[in-house]
There are 2 protein chains.
Amino acid sequence: MGKKQSSAFEKNITAIKTMIEHDGFVPGDRIPSERELAERLSISRPAVREALRTLAYLGIVETRHGGGSYLLNRDDHAYIEIIAHFLVTGESKFEDLAGTLRLIEHAALCKLEDRESLRDHLETDALFREVLIQSTGNDLYERIWRQVNAFYLSFGQGDLYTRAERESFLNDRSR
Amino acid sequence: MGKKQSSAFEKNITAIKTMIEHDGFVPGDRIPSERELAERLSISRPAVREALRTLAYLGIVETRHGGGSYLLNRDDHAYIEIIAHFLVTGESKFEDLAGTLRLIEHAALCKLEDRESLRDHLETDALFREVLIQSTGNDLYERIWRQVNAFYLSFGQGDLYTRAERESFLNDRSR
DNA sequence: AAGGCGTAATTGGTCTGACCAATGCCGCCG
DNA sequence: CGGCGGCATTGGTCAGACCAATTACGCCTT
């Protein structure tokens with residue numbers, strides 16, 4: 001993953017990230033003030049702010065005017081708006097949503113060796129699919145799924161599969 | 001999906017984005033200088049920079065020291081934000097990138113009835129996978145793939161599959 | 001002694017202005 | 001006509017100041 005070629009700006013982001021990690025902050029914690037970060041990292045406050053603003057936009061930290069900056073856990077719904085944008089602009093159709101979920105879950109199912117482990121969760125569609133995705137062990141894949149799924153759920157369309165469909169997944173190797 | 005409550009910083013990002021769009025800039029174009037943006041938007045240069053740095057980090061624009069800022073590829077950058085977010089948090093590993101691509105493409109392959117149509121594109125990995133994804137006919141799914149793939153390519157890791165692997169995809173129904 | 005309240009300190013938000021560094025343009029000179 | 005050098009433009013960084021919102025803390029009241 002080379003990229004030795006990182007600008008000072010990117011270095012600052014990394015520096016703040018590693019400092020947060022090194023000092024053992026957990027989601028919800030208040031991180032040092034902009035002025036303190038600037039001093040400890042030996043950079044100016046504007047430089048800290050440019051990095052911090054980016055981290056805030058990405059949903060990694062939250063800043064409160066006068067109250068400091070806080071580390072977030074990012075189960076944030078901000079990205080739902082991004083997906084919504086595609087639908088609103090008509091660039092994607094709503095049917096694509098369910099279709100996308102089925103495709104994502106289909107791949108997970110194909111990869112899963114021991115499908116019997118799913119049997120315990122046949123009853124509830126949401127849990128069944130959640131466990132299915134987690135079986136991939138791919139964090140990025142899981143996160144993408146989670147965002148699309150959250151948006152799908154916001155439409156209140158109910159279950160994605162019927163109970164019979166879920167059951168068939170356990171046996172039908174062609175799927 | 002309310003969010004009337006956007007900070008000045010987010011407004012600035014939106015303002016710059018809409019100005020770029022309004023003025024009809026296309027990828028590769030040089031956008032106005034930071035000082036000019038500040039004047040036209042009636043905000044300070046630091047405010048412009050905070051927004052611009054974020055846009056640069058997200059891969060929407062590129063800045064060259066002394067050379068101005070340039071608009072990058074026009075594809076919707078939305079998912080880049082998501083992916084960048086995951087990687088920045090360090091909770092997703094780089095290996096997840098390739099794994100995610102394989103999963104996404106695997107599902108497309110499973111769904112594809114007529115695999116022979118892929119035979120014409122066996123030679124080049126990039127085109128093969130592009131055609132494969134397009135065969136799903138799911139625009140949202142394709143967009144997600146495109147973003148993940150763009151991110152993967154930015155690391156210059158080369159082909160995702162060997163020629164032999166691609167060929168095996170045409171025959172192996174178990175995949 | 002306990003609690004409420006107001007003030008001061010802290011912290012983020014924004015701006016001005018300055019200077020450095022890299023780039024690019026353009027005219028001058030060979 | 002072409003190469004080269006200087007100057008204008010532009011991004012990179014910083015210092016400092018002031019405002020606004022929040023928080024902390026001590027004082028006063030009860």
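The structure displayed is predicted, hence computed values, not measured ones. Order of the sequence lines sets the chain letters (A, B, ...), proteins ahead of strands, with each chain counted from 1. Computed over heavy atoms, backbone and side chain alike; hydrogens, waters and symmetry mates excluded.
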Euclidean distance, atom CD1 of residue B:I31 to atom C1' of D:dT9 [Å, nearest integer]: 15 Å

C:dG12, OP1 or OP2 - any side-chain N/O from A:S69 closer than 4.0 Å? yes

Return the value, rounded to whole Å, for the distance between atom CZ of B:R30 and atom P of D:dG11. 7 Å

Rounding to an integer number of Å, can you tell me how far A:E39 CD sits from D:dC14 C1'? 15 Å

Counting side-chain heavy atoms from C-beta on, which of D:dG12, C:dG12, C:dC15 comes nearest to A:H65? C:dG12

Checking contacts here: which listed nucleotide (D:dG12, C:dG12, D:dT10) is nearest the side-chain heavy atoms of B:R49? D:dG12

Rounded to the Å, how far apart are B:E50 CD and C:dT16 P? 14 Å

Could you give the CD-to-P distance, from B:E36 to D:dA8, as a whole number of Å? 19 Å

Identify, between A:G67 and A:P46, the residue whose nearest nucleotide on DNA chain C lies closer to the 5' end. A:G67

Nearest 0.5 angstrom please: A:D125 CG to A:E165 CD, how far? 9.0 Å

Ignoring hydrogens and angles, state whether a donor on the side chain of A:S69 or A:T63 is under 3.5 Å from an acceptor on the partner side chain. no

Using whole Å, what does the distance between atom P of nucleotide C:dG17 and atom CD of B:E34 come to? 17 Å

Rounded to whole Å, CD of A:E10 lies from C1' of D:dG12 at a distance of 14 Å

Can you tell me how far C1' of D:dA21 sits from OH of A:Y70, to the nearest Å? 12 Å

Think B:T63 has a side-chain N or O under 4.0 angstrom from the OP1 or OP2 of D:dT10? no

Under 4.0 Å, counting only non-hydrogen atoms across every strand here, what does A:R64 touch: a base, just sugar-phosphate, or nothing? sugar-phosphate

Do B:Y161 and B:F169 make the cut of ring centroids closer than 6.0 angstrom? yes

Closest non-hydrogen contact found for A:C110 with B:H106 is CB-CE1, 3.5 Å

Name the residue closer to the 5' end of DNA chain D, choosing between A:N12 and B:G66 according to the nucleotide with the nearest heavy atom. B:G66

Does a distance-only test, which skips hydrogens and angles, find a donor-acceptor pair under 3.5 Å between the side chain of A:R45 and the base of D:dG16? no

Between C:dC15, C:dG12, C:dA22, which nucleotide gets closest to the side-chain atoms of B:A47? C:dC15

Of all the choices, D:dG11, C:dC15, C:dG13, which nucleotide is nearest to the side chain of B:I43 once you look at every atom? C:dC15

Reported CD1-to-CD1 distance for the pair A:I31 and A:I20, which is rounded to 0.5 angstrom: 4.5 Å

Base C:dG12 paired with A:R35 side chain (donor-acceptor, <3.5 Å): yes

